[in-house]
Amino acid sequence: MPARQHGAPLAMDDAFVAWPRDIPMVWDRWARSGGTVRTCAVPFVQPDRLGPALLSHSHVYGPSLARPQVLRSGEALVIDALGIRWSVEAGDHCMRLTGTPQGCVEIAFDTTRHLRLPESAAPSLAGQTHRAIAVRATRIDGEPCLCSLGFQPVLIQGEHAQARCAALQDLAYCAANPARLYVGSRLGRRIDEDGAGEAEALLLDLLDCVHRSFLDDLLWTLESEGGDLVVAYYPLIDLLSHQLLRQVVEPRTASEFALAGSVLRRAATWLGELFVECGARLTPDSRFIAHADHGMMPIVHEVCPNQCLLHNGWLVADATGDIDVTRSLAFYHPAENGWIALHPERMASAGLSPEDLVETLNRSPGAALDGRFELIEGPPHSAGQGWTSTWYLQPPARVRLRASLRYPLMAPARKGGDHTCWSDDPWLKGVLLEPRANSPDWTQPLELTDLAPALLGWLRDMHGSPVHHMPTPPRLAPCT
């Protein structure tokens, strides 16, 4: 997100660091009422605030020590912070790693192995559990390769932390996103580069490792005693849709039609395992709900509004080709969260308004886009040096906005799906699933702000624990 009052208008903050910690989350409210909580890979948990009500929390999104990478014969898997320098060799039917704590390890092609870290890897760096790295042997464009799923330390907090640390000690937690390799064509020729679908098949195999890690975390939690409220994060549908949604819903070639079937089968398998295995571990009086806080729209085009603003004199570039904030009137912020930075004083001097800006954008891309740019008024934001705005830019359907002046005005999208700014388009609405026939019906449509009060009200009624400081839960009417 754009940095607030930073004094450097182009600066950004990591939203997962800058989130408002004073807002009580659903688990905070439940703990305050006397209930117990378990969370799995959920951002925004503050263990100190939960105290003894927190039985276990897996923190998996700390600083990464190694990103996913592709290694070839003669190279080495190196993670200096963990004391890892394992040599990679190709065999006839496998890839080999030498120098590991297990000695020479063979990984058969099209299989994944979890290899233990050296005992010398300090917990302060390597984390308290999941002290292993996942690697998969494969062939990329016919060449033997080894894919490492990267490494992020996992921290466990809560009253039952010791049991959770011991449970999955020798399994890697694959929390890093292997799709970064796909975006950079490191997994082979993409299907939009005349590939035959092999890169996408490998991406699905790597994402399967991610699926298993998040599912194992959740299943251990459900099998453990205690915990009135369990909240877990499951990123697979988001990760998959960002890359391949367009090819699934709008296949244009025989290869894309085949890919669409493979993607849907794999996604159905993941969700099937999630629902069935979780359901098998729930008590009869439990409720299991899966919901998304946003949707995902297929993306066909990437458009750089700043190129248009540059061409029409709203934006001025400096000598290095970057945005010159001392002379520009407006720019699309590089945080790419929809915010349009405006300099009201300069705009007034030029006799220009935000509405003029959006009309300038709508005249520029031409008839290739399905729809028009719109301005949405949102919370005010100031970035210093006179830059302030309440306006956010909503692109036409199937368009992803980019900020860099090094991108062309318009290009084919490198991602298959995205979510940005706000729209009433059905693609951008979240989904709620409750795979149990005997649960109360929800209102239709359900507002996201109704979800937590309704669930906490149900918990209160079922378990007899008063939930303080919560609105009265809405009456759950039959769905139409």
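Every heavy atom of this structure was used, including side-chain atoms; hydrogens, water molecules and symmetry mates were not.
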Below 4.5 Å, heavy atoms only, C-beta onward: do I323 and S328 meet side chain to side chain? yes

Contacts of type side-chain hydrogen bond (donor to acceptor under 3.5 Å, both in side chains), residue D318, not counting sequence neighbours: T320

Return the set of residues passing salt bridge (charged side-chain N to carboxylate O under 4.0 Å, His left out) with R372 (not counting sequence neighbours), or none when no residue passes. E359

Not counting sequence neighbours, which residues clear side-chain hydrogen bond (donor to acceptor under 3.5 Å, both in side chains) with E374? List them please. none

What pairs with R116 under salt bridge (charged side-chain N to carboxylate O under 4.0 Å, His left out), at least two apart in sequence or on another chain? none

Below 3.5 Å, can you tabulate the donor-acceptor pairs from side chains in residues 408-418 to any protein atom, sequence neighbours excluded?
from	atom 1	to	atom 2	distance (Å)
R414	NH1	E193	OE2	3.0
R414	NH2	V183	O	2.6
K415	NZ	H242	ND1	3.3

Derivation and outcome, side-chain hydrogen bond (donor to acceptor under 3.5 Å, both in side chains), residues S56 and H160: CA-CA 6 Å; S56 64; H160 298 175; over 6 Å; no

Answer with yes or no after comparing the ring centroid distance for F214 and Y173 against a 6.0 Å cut-off, counting only values under it. yes

Quick one: does any side-chain atom of E200 pair with a main-chain N or O of I191 as donor and acceptor, under 3.5 Å? yes

Taking 4.0 angstrom as the limit, do D216 and R212 come out as a salt bridge? yes

Go through R398 and L369 one step at a time and tell me if the side-chain contact (heavy atoms from CB on, under 4.5 Å) criterion holds. CA-CA 8 Å; R398 289 163 169 72; L369 299 181; over 6 Å; no

Can any side-chain N or O of W314 pair as donor or acceptor with the backbone N or O of T360 at less than 3.5 Å? no

Among residues two or more places apart or on two chains, list those pairs meeting salt bridge (charged side-chain N to carboxylate O under 4.0 Å, His left out) that have a residue in residues 155-166. R164-D217

Looking at residues at least two apart in the chain, or sitting in another chain, which of them share a salt bridge (charged side-chain N to carboxylate O under 4.0 Å, His left out) with R85? D80

Which atom pairs, donor and acceptor, lie under 3.5 Å between side-chain atoms of residues 41-48 and protein residues at least two apart or in another chain?
from	atom 1	to	atom 2	distance (Å)
Q46	NE2	R21	O	3.0

State whether a side-chain donor-acceptor pair under 3.5 Å links D208 with W270. yes

Do R190 and S185 get their side chains close enough for a donor-acceptor pair, meaning under 3.5 Å? no

For N312, the side-chain hydrogen bond (donor to acceptor under 3.5 Å, both in side chains) test, sequence neighbours excluded, returns none

Sorted by chain and residue number, the salt bridge (charged side-chain N to carboxylate O under 4.0 Å, His left out) partners of E302 (sequence neighbours excluded) come out as R400, R402

Expected output: side-chain H333 to main-chain A335 donor-acceptor under 3.5 Å: yes

Any chance NE2 of H294 has more than 12 other-residue heavy atoms, nucleotides or ligands included, within less than 6.0 Å? yes

Salt bridge flag under 4.0 Å for residues R136 and D205: yes

Straight-line distance of H57 NE2 to W27 CH2, nearest 0.5 Å: 8.5 Å

Quick one: side-chain hydrogen bond (donor to acceptor under 3.5 Å, both in side chains) partners of Q162, sequence neighbours excluded? none

Polar contact flag, side-chain donor to acceptor under 3.5 angstrom, H211-R266: no

Going by the rule side chain to side chain contact (heavy atoms under 4.5 Å, CB included), which residues pair with P123 if we only count those two or more places apart in sequence or in a different chain? R131

